[in-house]
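The chains referred to below are lettered A, B, ... by the order of the sequence lines, with proteins before strands, and numbering in each begins at 1. Side-chain atoms are counted along with the backbone in the values below, which use heavy atoms only and exclude waters and symmetry mates.
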Protein chains: 2
Amino acid sequence: MVQQDRSYKEKKVISIGTVSELTGLTLRQIRYYEERKLIHPHRNERGTRKYSFADVETLMDIANKREEGVQTTEILKEMRTKEKKQITEAQARKKMLEGQLNAQFRHRR
Amino acid sequence: MVQQDRSYKEKKVISIGTVSELTGLTLRQIRYYEERKLIHPHRNERGTRKYSFADVETLMDIANKREEGVQTTEILKEMRTKEKKQITEAQARKKMLEGQLNAQFRHRR
DNA sequence: CGTGTAAGGAATTCTGACACG
DNA sequence: CGTGTAAGGAATTCTGACACG
């Protein structure tokens with residue numbers, strides 16, 4: 001169920017016009033941020049861009065940063081360090097689970 | 001967070017062409033099921049239909065029922081009784097919580 | 001009843017480019 | 001660097017209707 005909800009957030013089904021309404025950004029801005037590698041919409045068969053809710057949230061973060069005068073290059077760097085942090089956290093969680101499993105295993109034998 | 005995830009499922013942002021791809025139904029079928037009150041897409045300013053992930057799931061259920069030869073009128077009835085059941089369940093949960101709260105309150109004084 | 005289709009119009013989306021700076 | 005805009009073409013969506021049955 002949670003997994004299912006997760007997929008709603010990641011599934012790329014929203015067209016650029018709707019994304020524009022949701023974020024308040026212009027089509028030009030949305031396409032430009034893609035050019036700068038800040039977002040990665042899917043393309044359907046005819047080449048139309050499709051975005052996820054996660055993309056919409058990223059775009060809103062970008063809009064805030066841009067209002068503060070942060071350049072797209074900086075925003076990209078920030079996003080990458082954040083990603084790394086999240087991966088590290090995920091690995092930490094995994095290690096912890098493995099540790100618990102090992103502890104269990106030791107108790108059993 | 002859960003509430004947020006919920007809204008992804010209910011938010012009407014998907015256009016009919018994408019819904020068609022997701023469900024395997026034709027545009028004609030999707031519009032017809034709306035005519036029969038089985039689904040209720042939003043309309044944006046220019047009259048374009050927008051669907052939620054919840055609508056997509058409903059459509060997939062409809063598709064299954066239709067394959068079994070169930071008529072749209074019957075499907076509508078089934079959906080309504082299911083809705084009522086869910087409301088009843090929600091009320092039951094609420095009652096239970098209220099009961100627990102009252103019990104707490106009695107213990108406190 | 002449920003679905004296909006042709007019809008005509010309006011709105012969407014795409015790309016590459018010029019503009020300003 | 002970031003964004004606006006005009007340009008032309010291709011694909012989307014809408015409605016009302018006829019068709020079959």
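Across the protein-nucleic acid pair, A:Glu34 atom CD and D:dT3 atom P stand 15 Å apart, rounded to whole Å. Taking atom CG of residue A:Leu25 and atom C1' of nucleotide D:dT3, one finds them 12 Å apart after rounding to whole Å. Between A:Glu35 atom CD and D:dT3 atom C1' there is a gap of 11 Å when expressed in whole angstrom units. Going from atom NZ of A:Lys12 over to atom P of C:dT13 covers 17 Å, rounded to whole Å. Atom CG of A:Leu27 is separated from atom P of C:dC14 by 8 Å (rounded to the nearest Å).
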Show the atom names and distances, to 0.1 Å, of all donor-acceptor pairs under 3.5 Å that link a side chain in residues 43-53 of chain B to residues at least two apart or in another chain.
unit_1  : atom_1 : unit_2  : atom_2 : d
B:Arg43 : NH1    : B:Gly47 : O      : 2.9
B:Asn44 : OD1    : B:Arg46 : N      : 3.2
B:Asn44 : OD1    : B:Gly47 : N      : 3.3
B:Asn44 : OD1    : B:Thr48 : N      : 3.0
B:Arg46 : NH2    : A:Glu21 : OE2    : 3.4
B:Arg49 : NH1    : B:Glu34 : OE1    : 2.9
B:Lys50 : NZ     : A:Thr18 : OG1    : 3.4
B:Ser52 : OG     : B:Ala54 : N      : 3.3
B:Ser52 : OG     : B:Asp55 : N      : 3.1
B:Ser52 : OG     : B:Asp55 : OD2    : 3.2

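Between the side chain of B:Arg31 and the main chain of B:Glu35, no donor-acceptor pair closer than 3.5 Å is present.
Residues of residues 66-75 of chain A having a heavy atom closer than 4.0 Å to DNA chain D, listed by number: A:Arg66, A:Gln71, A:Thr72.
A:Lys77 is linked by a salt bridge (charged side-chain N to carboxylate O under 4.0 Å, His left out) to A:Glu74, counting only residues two or more places apart in sequence or in another chain. In this structure, the side chain to side chain contact (heavy atoms under 4.5 Å, CB included) partners of A:Thr58, at least two apart in sequence or on a different chain, are A:Ile39, A:Ile62, A:Met79. B:Thr72 pairs by the side-chain hydrogen bond (donor to acceptor under 3.5 Å, both in side chains) definition with B:Arg36, not counting sequence neighbours. Taking A:Glu83 as the reference, nothing meets the side chain to side chain contact (heavy atoms under 4.5 Å, CB included) condition, with sequence neighbours excluded.
For residues 66-87 of chain A, the set of pairs meeting the ring-ring contact (aromatic ring centres under 6.0 Å, His included) definition, not counting sequence neighbours, is empty. Pairs passing the ring-ring contact (aromatic ring centres under 6.0 Å, His included) check and including a residue from residues 63-82 of chain B, sequence neighbours excluded, do not occur. Residue pairs meeting the ring-ring contact (aromatic ring centres under 6.0 Å, His included) criterion with at least one partner in residues 67-88 of chain A, sequence neighbours excluded, do not occur; the list is empty.
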For nucleotides 10-12 of chain C, list the nitrogen or oxygen atoms of the protein found under 3.5 Å from its nitrogen or oxygen atoms, one pair per line.
unit_1 : atom_1 : unit_2  : atom_2 : d
C:dT12 : OP1    : B:Arg46 : NE     : 2.6
C:dT12 : OP1    : B:Arg46 : NH1    : 2.6

Identify the pairs formed between an N or O of the protein and an N or O of nucleotides 15-17 of chain D at a distance under 3.5 Å, and give each distance.
unit_1 : atom_1 : unit_2  : atom_2 : d
D:dT15 : OP1    : B:Arg43 : NH1    : 2.9
D:dT15 : OP1    : B:Arg43 : NH2    : 3.3
D:dT15 : OP2    : B:Arg49 : NH2    : 2.4

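Under 4.0 angstrom from either OP1 or OP2 of C:dG2 there lies at least one side-chain N or O belonging to B:Tyr32. Contact check, B:Tyr33 against C:dT3: a side-chain N or O comes under 4.0 Å of OP1 or OP2.
Contact annotation: the side chain of A:Arg93 approaches that of A:Glu89 to within less than 4.5 Å [non-hydrogen atoms, C-beta and beyond].
Atom CG of A:Leu25 is separated from atom OH of A:Tyr32 by 13.5 Å, given to the nearest 0.5 angstrom. Distance OG1/A:Thr88 to CD/A:Gln86: 9.5 Å, rounded to 0.5 Å.
The local environment of NE2 in B:His42 is sparse, with at most 12 non-hydrogen atoms from other residues, nucleotides or ligands closer than 6.0 Å.
Taking a pair as Watson-Crick or G-U wobble with both distances under 3.5 Å, DNA chain C forms stems of 3 or more consecutive pairs at C:2-5 with D:17-20, C:17-20 with D:2-5.
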